Amino acid sequence: MRYWLMKSEPADCSIDDLSRLPDQTVAWYGVRNYQARNFMRDTMREGDEAFFYHSSCAIPGIAGRVRIASPAYPDATQFDAASRFFDPKSDPAQPRWLNVDVRFEEKFVLIPLTELRRHPELATLRVLQPANRLSITPVSPDEWQFILKRLAVPHNDN
DNA sequence: GCCAACGTTGGC
DNA sequence: GCCAACGTTGGC
């Protein structure tokens, strides 16, 4: 069992958007970075857990918890000419880009990036390192437990 | 909107 | 295979 942090722009898909979807599950499409793709392909497993991180927004931070709900499979948007994620160089016989499905587990009271930075226990958290742009990063078991037990507060609205 | 960091592309 | 140019990310 591994732990991850996955970034999403809430304008595209927020934790609330995810929780309102049928089956509360979404394909994590649009990853166009080889390192992030390789994490999905090689290291992620169905059943792994991930923090759902809101990026490029007014208050970036961890907004909830999700579970990996499928193995990696070809990202359909790479073959969709109408999609902003269309990749004309990807060969359908050998798809370049993959995605996993992600299922909603829990919404938190937002844990802002500035709050995460305050804790020495999280000094090595990947998303806090300077200029980290990877949309999928591993979280160590210690970091996971610290965030979940010390910082996360369930946010129960409808 | 700025800008630093960094990944990707493509000419050579 | 080098490396400059360019595009993207994402916090501020």
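Just so it is clear: chains get the letters A, B, ... in the order the sequence lines come, proteins before strands, and each one is counted from 1. On a predicted model such as this, the values are computed, not experimentally measured, just so you know.
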* Asked: Taking it one step at a time, do A:Ile147 and A:Leu125 satisfy side-chain contact (heavy atoms from CB on, under 4.5 Å)?
  -> CA-CA 11 Å; A:Ile147 293 170; A:Leu125 191 68; 4.2 Å; yes
* Asked: What's the closest nucleotide to the A:Arg96 side chain, out of B:dT9, C:dC12, C:dG10?
  -> B:dT9
* Asked: Can you tell me if the side-chain N/O atoms of A:Tyr53 get under 4.0 Å from OP1 or OP2 in C:dG11?
  -> yes
* Neighbour count >12 (heavy atoms, 6.0 Å) for atom OH, A:Tyr29 -> no
* Asked: B:dT8 C1' sits how many Å from A:Asp87 CG, rounded?
  -> 12 Å
* Passing candidate, ring-ring contact (aromatic ring centres under 6.0 Å, His included) with A:Phe51, options A:Trp4, A:Trp144, A:Tyr3 -> A:Trp144
* Mind calculating the distance between CZ (A:Arg32) and P (B:dC6) to the nearest angstrom? => 23 Å
* Measure from the side-chain heavy atoms of A:Asn33 and tell me the nearest of B:dG7, B:dT9, C:dG11. => B:dG7
* Are any non-hydrogen side-chain atoms of A:Asn38 and A:Gln35 less than 4.5 angstrom apart? -> no
* Asked: For the pair made of CZ in A:Arg84 and C1' in C:dT9, what is the distance, rounded to whole Å?
  -> 12 Å
* Choosing from B:dC6, C:dG11, B:dT9, which nucleotide comes nearest the side chain of A:Lys89? -> B:dT9
* Asked: How many Å lie between CD on A:Glu9 and C1' on C:dT8, as a whole number?
  -> 11 Å
* Short side-chain N/O contact from A:Lys7 to OP1 or OP2 of C:dG10, under 4.0 Å -> yes
* Can you check the A:Ile62 CD1 to C:dG11 C1' distance for me, whole Å? -> 16 Å
* To do: Using atom NE2 of A:His54 as one end and atom C1' of C:dG11 as the other, report the distance to the nearest whole Å.
  => 16 Å
* To do: Starting from C1' on B:dT8, measure out to CZ on A:Arg37 and report it in whole angstrom.
  => 14 Å
* In whole angstroms, how far is the P atom of C:dG10 from the CG atom of A:Leu134? -> 9 Å
